[in-house]
Amino acid sequence: MSDSPIKQIFDYARWAPSGDNVQNWQFEFVNDLEAIIHGHDESDWLVYDKKGNASKLALGCLLETLEIAALQQGFSTQIELVENRFGKQPTDEAYSSHPTFKVNLSASEPAVQPLFSSIKTRTVQRKLMSRSGLSPLDKQALEQSLPTGYSVIWLDSVDDKKQIAKLMYGNATTRYLMREGYDTHSRIIEFTAKKNDGSPNQLANSEFSKNKIPAKALGLDPLTVIMMEWVLASWDRFHFVATYLAGTVWPKLIMDYMTAICCGTHFVIIAEQEPKTLEDYVNAGRAVQRFWLQSDIVQLGFQPEQTPIIFSEYIRDGVSFTTDVKANTNAQKMDTELKQMLGVDTVNRAVFMGRLGHSNPVQYRSVRKSLEELEIK
Ligand SMILES: Cc1cc2nc3c(=O)[nH]c(=O)nc-3n(C[C@H](O)[C@H](O)[C@H](O)COP(=O)(O)O)c2cc1C
């Protein structure tokens with residue numbers, strides 16, 4: 001089965017994006033035309049996935065990528081939710097933490113998929129981008145890449161950018177105030193790991209990490225990366241530097257404030273109906289992936305800015321995501337700002353937010369686990 005159609009198609013699908021590159025899936029290949037995707041969320045440790053919604057969006061990205069690759073190779077796909085390995089049915093309440101999809105391929109006429117060529121090149125640009133706006137044609141191509149039921153709000157005036165920069169800065173304050181943020185960040189950023197003999201470990205490095213975000217993909221200067229590795233070594237150290245030495249001001253200015261100013265536009269993808277179910281989030285993820293792939297086709301840099309939406313959902317649904325009172329209060333303040341920016345009804349339907357712009361090619365990026373590593377035998 002090594003080069004069976006299903007494996008070839010999954011070899012493309014595994015390039016789908018996931019929050020913090022967690023790749024919240026495993027694959028079980030049943031035969032040449034059938035596979036099971038065992039999805040899971042990261043709600044037990046990842047502060048950005050407390051409701052499992054980031055994981056559901058990522059699963060949607062995976063399914064969309066899978067379908068694009070399959071159609072391009074001459075297969076139509078049938079995908080259905082099935083009982084998971086814990087014996088839970090899709091209708092059970094506890095199911096959505098481990099959604100499981102049965103995928104069947106059937107031969108059809110190959111149909112050229114314009115988005116196919118971007119599956120492996122689509123990535124995140126976290127560096128500063130050009131402030132020149134998007135052309136009407138690029139905006140139109142991006143809007144048209146979305147399936148029915150989704151629309152996009154563009155925020156590209158100087159005032160919009162300043163407002164979002166303030167929001168992103170304030171949002172980063174929430175992330176850095178809380179221990180839960182530290183626990184997440186210290187796990188998801190990959191710094192150059194050394195083997196026992198002191199030589200760099202090719203599988204874990206700061207440039208191309210296969211299961212984390214490589215430090216050099218964060219868009220920081222080399223000195224700040226070194227500082228960050230040192231500071232993230234322990235919570236006590238991080239907390240001291242953040243509290244008494246204003247140690248998070250510089251990263252917030254570079255990674256959150258300046259990036260929000262230096263881009264062509266911000267965008268918010270809006271669903272017609274407020275997403276509530278597993279299927280709603282998976283479908284939203286499918287829409288996001290089409291939009292993201294299209295941005296690569298028109299050669300625009302793309303960075304998600306998803307945390308304002310995530311924290312807003314937590315506030316709205318009363319999800320307890322931190323024990324830090326200041327972080328909680330700050331998240332409430334940011335939620336109010338987001339509502340003022342988008343309107344209360346629109347905030348509830350906002351599924352994905354980010355920035356776009358002309359930029360240099362990305363030098364460092366997350367790569368992926370191999371198909372063998374993702375496979376359950
Ligand atoms: C649901 C979701 C949320 C994400 N949120 C953010 C975010 O807020 N900021 C960010 O820089 N990247 C975000 N990402 C991007 C991931 O970190 C990125 O896709 C992953 O590390 C793989 O890297 P690649 O897309 O460059 O291949 C998000 C991705 C997904 C699917």
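Order of appearance sets the numbers: ligands from 1, and atoms from 1 within every ligand.
Checked by distance only, ligand 1 and Gly19 stay at 3.5 Å or farther apart across all their nitrogen or oxygen atoms. For ligand 1, the polar-atom distance check finds an N/O of Thr123 within less than 3.5 Å of one of the ligand's N/O atoms.
Less than 4.0 angstrom separates some heavy atom of Arg122 from each of these atoms of ligand 1: 24 (P), 25 (O), 27 (O).
When only modelled atom types and interatomic distance are considered, Ser18 and Asn24 share no side-chain donor-acceptor pair under 3.5 Å. With 3.5 Å as the limit, one finds a donor-acceptor pair spanning the side chains of Asn171 and Thr307. Side-chain N/O atoms of Ser370 and Glu373 include a donor and acceptor closer than 3.5 Å.
Considering only non-hydrogen protein atoms, atom 23 (O) of ligand 1 sits nearest to Ser366 CB, 3.4 Å. Of the protein's heavy atoms, Pro304 CG, 3.4 Å lies nearest to atom 14 (N) of ligand 1. The protein heavy atom nearest to atom 1 (C) of ligand 1 is Ala54 O, 3.8 Å. Atom 19 (O) of ligand 1 has Pro17 CB, 3.3 Å as its closest protein atom, hydrogens excluded (heavy atom only). Closest to atom 27 (O) of ligand 1 among all protein heavy atoms lies Arg365 NH2, 2.6 Å. Among protein heavy atoms, the minimum distance from atom 11 (O) of ligand 1 is reached at Arg126 NE, 2.8 Å.
For Arg237 and Trp230, the positive end sits near the middle of the six-membered ring, less than 6.0 Å away and at most 45° from its axis.
Taking the six-membered ring wherever Trp is involved, the centroid distance between the rings of Tyr95 and Phe86 does not fall below 6.0 Å. For an aromatic pair to be called close, the ring centres must be under 6.0 Å apart, and Tyr182 with Tyr176 fails this.
Note on ligand 1: Trp292 sits in its first shell, one or more heavy atoms being nearer than 4.0 Å. Using a 4.0 Å heavy-atom cutoff, Arg368 is listed among the residues neighbouring ligand 1.
Checked against Asp156 for a salt bridge (charged side-chain N to carboxylate O under 4.0 Å, His left out), the options Arg355, Lys162, Lys139, Arg131 give a single hit: Lys139.
Nearest-residue assignment for atom 20 (C) of ligand 1 (options Ser18, Gly285, Gly60, Ser55; heavy-atom criterion): Ser18. Among Phe302, Tyr364, Phe352, the residue whose heavy atom lies closest to atom 3 (C) of ligand 1 is Phe352.
The proximity of Val288 to ligand 1, defined as any non-hydrogen pair under 4.0 Å, does not occur for either the backbone or the side chain. With a 4.0 Å heavy-atom cut-off, ligand 1 is reached by the side chain of Ile213 but not by its N, CA, C or O. The parts of Gln306 lying near ligand 1 are both backbone and side chain, judged by heavy-atom distances below 4.0 Å.
Heavy atoms only, all atoms of each residue included: Thr259 and Ile254 are closest at CG2-O, 3.4 Å.
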**Message:** The test is side chain to side chain contact (heavy atoms under 4.5 Å, CB included); show your working for Arg122 and Leu115 and say whether it passes.
**Reply:** CA-CA 10 Å; Arg122 176 223 53 81; Leu115 299 179; over 6 Å; no
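Considering only heavy atoms from C-beta on, Arg175 stays 4.5 Å or farther from Thr173 through its side chain.
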